[in-house]
There are 2 protein chains.
Amino acid sequence: MESQTETPDQHSSADAVYDLIVIGGGAVGENAADRAVQGGLSVVLVEAELVGGECSYWACMPSKALLRSAQALRAARGVSGAAQAVTGELDVEAVLSRRDSFTSGWKDEGQVSWLQGAGIELLRGHARITGPRQVSVTAADGGVTSITARHAVVLATGSAAAIPEVPGLHESHPWTSREGTRAQSVPKSLAIIGGGVVAAELATAYAGFGSKVTVLARSGLLGGMEPLAGELVGKALDSQGVELRLHTAPERVTRTGEGVRLETSTGETLMVQEVLAATGRTPRTGDLGLETVGLEPGSWIETDDTMQVPGFDWLYAVGDVTHRALLTHQGKYQARAAGDVIVARARGARVDDAPWGAHVATADQRAVPQVTFTDPEVASVGLTAAAAREAGHEIRVVDYDLGNVAGAALHADGYAGKARMVVDERRQVILGVTFVGPDVSELLHAATIAVTAEVPLARLWHAVPAYPTISEIWLRLLESYGRPGS
Amino acid sequence: MESQTETPDQHSSADAVYDLIVIGGGAVGENAADRAVQGGLSVVLVEAELVGGECSYWACMPSKALLRSAQALRAARGVSGAAQAVTGELDVEAVLSRRDSFTSGWKDEGQVSWLQGAGIELLRGHARITGPRQVSVTAADGGVTSITARHAVVLATGSAAAIPEVPGLHESHPWTSREGTRAQSVPKSLAIIGGGVVAAELATAYAGFGSKVTVLARSGLLGGMEPLAGELVGKALDSQGVELRLHTAPERVTRTGEGVRLETSTGETLMVQEVLAATGRTPRTGDLGLETVGLEPGSWIETDDTMQVPGFDWLYAVGDVTHRALLTHQGKYQARAAGDVIVARARGARVDDAPWGAHVATADQRAVPQVTFTDPEVASVGLTAAAAREAGHEIRVVDYDLGNVAGAALHADGYAGKARMVVDERRQVILGVTFVGPDVSELLHAATIAVTAEVPLARLWHAVPAYPTISEIWLRLLESYGRPGS
């Protein structure tokens, strides 16, 4: 390992040489770099914006911060005895200021000092691949640094909001998730184009702030999840005063002196202060020099389960840019596998790439957890019933009403929620679980472990949920399914 | 099965005959009866008080109900943006009234109608064993009914509060968990003798109601749990204004015209309105006729893992009365095993009594989950570090500060809590987990599944916690331990 930890300065070449170059300093890139450093490699991380990336400044952290205060207030209002003490309203200024503290005011000193502590070198600038293992970095002042990777280059540049092709939309300067999460004031009215997680979460947040929110969702709410997710969240948004326009698309958008006018596919015209596009993501690969090594700029990057790009022994990709699962935690998971396998390959050590091995991201196909921080929350992992059937599994679906669980009734007056378990009938293991209800987010990891570890139902009967918690849903689901062998 | 489902009336004997007699109609007895009926047996349940038992009326349900409103209010106060809206105080009358709704005003019509729906016959009265398979039931009006069990008798009579031998205590009519959970008004001051779960929960509840609470805990708080539990809960009680007298015992108790006077082992004298004894439990086996079959009245009932009493092919015990784990959920778990194995033995079917089989309560030794609904909550499962060492395991202990998890910081400003994972070094599985912190109760089931299913650490690395939830503690614990094989 000594030769591999050689510092760039000691190298004879004119270019700086590192064992590993990571392009993109979000949480995902940081994790890949960290694992590689822990394995003894020298690593440089290249970042063009803020170290910490999308999740820290313009996605998970600020959006959860925008949602949490209202959630806590609703929880208190939802329990008699506490409700009587809540006489005021959500303090929106305080929420925005709390959000600012979680984004460190959009400054990355904290992250940079973490990099230093972790022994990861930072290079600020825009990275472009110029050939195999070769990267040039253009700094903000125009200075260019050429660097070389002894072993590998990891692409972790993430994704950006995709602006849909609607006449006038681009020219109307729509908000995206970035503006939605970093806003310093609340528009009186907001139209959200899209029906996915970002749309649902930001509709919940801004409605809670008193904004008049309209959601235009061409194909319903929370598509791709179990249908009960979109149903319950839609009902809740509606009762929060959000105008839902499902199966409706904008046909023309115009920014005027008074705000933004949207003409919809159903002939309606809306006037709003701002419009937010939340219709999906596009890979940040347009200006990465991919063409210099025969890859297509602007496309998602395909990888194998060790996160290596097929046909390249030196190129890896992790996180959103792979399109495997556009979630920070899943990207970090891929990054751990990638960082470790790069170390193993650099050392000539054994590569553990069997399914569920240390060097593969097997869970990407089998057990991706996701929480949508709406109210009710949606927490899901693994396959939906529809996806399981499509994949050819022989399944049985068990549904149970969360409100009938004693722990849920104690948690909130009139608690309403649902749970679904998808069972692989042949193997007697769980393929997927979805919980929809207030405060279900922390219930999810039990399901993630059950799905990931392929725990047989017969053993799950011995995992006793503590009474009276909402987790007793597990007993109810098992009882509804029936005990194998009894 | 036809002969086994024969109804009592059709039987030739003068006594009513059932396949199974269950003595004690708490949640545990109900579960044993239900499983047996589902297996085709005729079952009579004998209950002397309220169907639904201790947990429904004088323990888990009312105590959680007494705690939940204040917990929700503290949560709202703990998040800037929400805190500003909480200008009032907890409405104690509303909390007591909400508690009444969860205990159905101490009426059991709902439970009785559940029994009817489940096909379980109810006999009200005090049951005494009179010989093998023979039980006599004395009703409130003094009438006696003799019943016979064709296959088995299950003892599910539970436990009662033990009043410690302190001079004057008994004569001072102390509260127990029953009075503490069913109170219709709040004493101005309350002394609690004991430092276990009941003491800690009721101290939290009554302090929240504005009572001046003093806790006398001879051997510290929450003994038997990881030390961090007692430390953090003690600190929180202290900051709630609870007077903690640890390593202090009452030496004399006297009820006077003004209230109750306690003289303590440290020479202190306390005057309080009420005193509550929470120093443990005693089995309800004193007047069960155990002597007629050679068992000791007043003792805990020993069983094997199928819940059968050694030496008796017809006698079983489940729940508190076995002293295996004095928790409703664990009793219900035992009851499921007992009900199913009684059916299997009655049918002459295969008995699945290997560890983790369908007919044994293996988890009682390995994976008992428990939540203490204090604030912070304590959620634990499996072995503590001390218990694991004592059992001869080669272990490694991993501690992590919950406040350093992003999801926890988002959940509450200044979130403080701790997690501990106890790893079996030889087998690379988790033996025990303890979480202490606000709202950790729903984190527990993930640990319960991991411990119960003996999921290898290497696989747990693939169980990705959703970001940003408090469950990310799992990643931090694994990272602190280090990844096997990487």
Practice item. With a 4.5 Å cut-off on heavy-atom pairs, point out which of Ala446(A), Ala85(A), Ala412(A) contacts chain B the most. Key: Ala85(A)

**Study point:** Region of Leu475(A) that comes under 4.5 Å of a non-hydrogen atom in chain B
**Key:** side chain

Point to revise | Side-chain donor or acceptor of Arg459(B) paired with backbone N/O of Gly357(A) under 3.5 Å | key: no

Practice item. Tell me, for Leu444(A) versus chain B, whether the close heavy atoms (under 4.5 Å) come from the side chain, the backbone, both or neither. Key: side chain

Revision key, fill the gap. Of His445(B), Gln84(B), Glu472(B), the largest count of non-hydrogen pairs under 4.5 angstrom with chain A goes to His445(B)

Check your understanding: Between Asp413(B), Val451(B), Val360(B), Val371(B), which has the largest tally of heavy atom pairs under 4.5 Å with chain A?
Key -> Asp413(B)

Point to revise | Derivation of the side chain to side chain donor-acceptor pair (under 3.5 Å) call for Arg99(A) and Ser63(A) | key: CA-CA 8 Å; Arg99(A) 183 272 324 269; Ser63(A) 70; over 6 Å; no

Revision key, fill the gap. Max heavy-atom pairs within cutoff under 4.5 Å with chain A, candidates Glu454(B), Arg336(B), Arg366(B), goes to Arg336(B)

Point to revise | Part of Arg98(A) lying under 4.5 Å from any heavy atom of chain B | key: side chain

Practice item. Sort Val455(B) into side chain, backbone, both or neither according to what part of it lies under 4.5 angstrom from a heavy atom of chain A. Key: side chain

**Study point:** Under 4.5 Å from any heavy atom of chain B - which part of Glu93(A)
**Key:** neither

Revision key, fill the gap. Interatomic distance, CG@Leu73(B) vs CG@Leu73(A), rounded to 0.5 Å, equals 10.0 Å

Exercise for review: Supply the atom-to-atom distance Phe373(B) CZ to Lys64(B) NZ, rounded to the nearest 0.5 angstrom.
Suggested key: 4.5 Å

**Study point:** Heavy-atom proximity to chain B below 4.5 Å, by part of Val464(A)
**Key:** both

Study note, to complete from the structure: Closest non-hydrogen contact found for Thr103(B) with Pro62(B) is CG2-CB, 3.8 Å

Exercise for review: Could you label the plane-to-plane angle of the Trp474(B) and Phe435(B) rings as parallel, tilted or perpendicular, counting under 30° as parallel and over 60° as perpendicular?
Suggested key: perpendicular

Exercise for review: Check whether Ile470(A) gets within reach of chain B through its side chain, its backbone, both or neither, counting any heavy atom under 4.5 Å.
Suggested key: both

Exercise for review: Dump the intermediate steps for salt bridge (charged side-chain N to carboxylate O under 4.0 Å, His left out) on Arg74(A) and Asp439(A), then the final yes or no.
Suggested key: CA-CA 11 Å; Arg74(A) 267 190 298 264; Asp439(A) 300 324; over 6 Å; no

Point to revise | Segment of Ser471(A) engaging chain B (4.5 angstrom heavy-atom cut-off) | key: both

Study note, to complete from the structure: Ranked by heavy-atom pairs below 4.5 Å to chain B, first place among Leu410(A), Thr469(A), Asp91(A) goes to Leu410(A)

Study note, to complete from the structure: The interface call for Ala409(B) against chain A, heavy-atom contacts under 4.5 Å, is both

Check your understanding: Top residue by heavy-atom pair count (under 4.5 Å) with chain B, among Ala94(A), Ala75(A), Ala363(A)?
Key -> Ala94(A)

Exercise for review: Sort Gln71(A) into side chain, backbone, both or neither according to what part of it lies under 4.5 angstrom from a heavy atom of chain B.
Suggested key: neither

Check your understanding: Can you say whether Leu460(B) sits under 4.5 Å from chain A via the side chain, the backbone, both, or neither, judging by heavy atoms?
Key -> side chain

Revision key, fill the gap. The interface call for Thr87(B) against chain A, heavy-atom contacts under 4.5 Å, is both

**Study point:** Proximity breakdown for Asp364(A) and chain B, heavy-atom pairs closer than 4.5 Å
**Key:** neither

Review point. Top residue by heavy-atom pair count (under 4.5 Å) with chain B, among Ser441(A), Pro465(A), Ser101(A), Pro369(A)?
Key: Pro465(A)

Review point. Out of Lys332(B), Arg77(B), Glu479(B), which one racks up the most heavy-atom pairs below 4.5 Å with chain A?
Key: Lys332(B)

Exercise for review: Quick one: which of Gln370(B), Met61(B), Gln38(B) has the most heavy-atom pairs under 4.5 Å with chain A, could you say?
Suggested key: Met61(B)

Point to revise | Heavy-atom contact with chain B under 4.5 Å, split by part of Ala344(A) | key: neither

**Study point:** Euclidean distance, Tyr333(A) OH relative to Leu327(A) CG, rounded to 0.5 Å
**Key:** 13.5 Å

**Study point:** Largest heavy-atom contact set with chain A, pairs under 4.5 Å, which of Gly339(B), Gly81(B), Gly88(B)
**Key:** Gly81(B)

Review point. Who wins among His462(A), Gln330(A), Arg68(A) for the most heavy-atom pairs under 4.5 Å with chain B?
Key: His462(A)

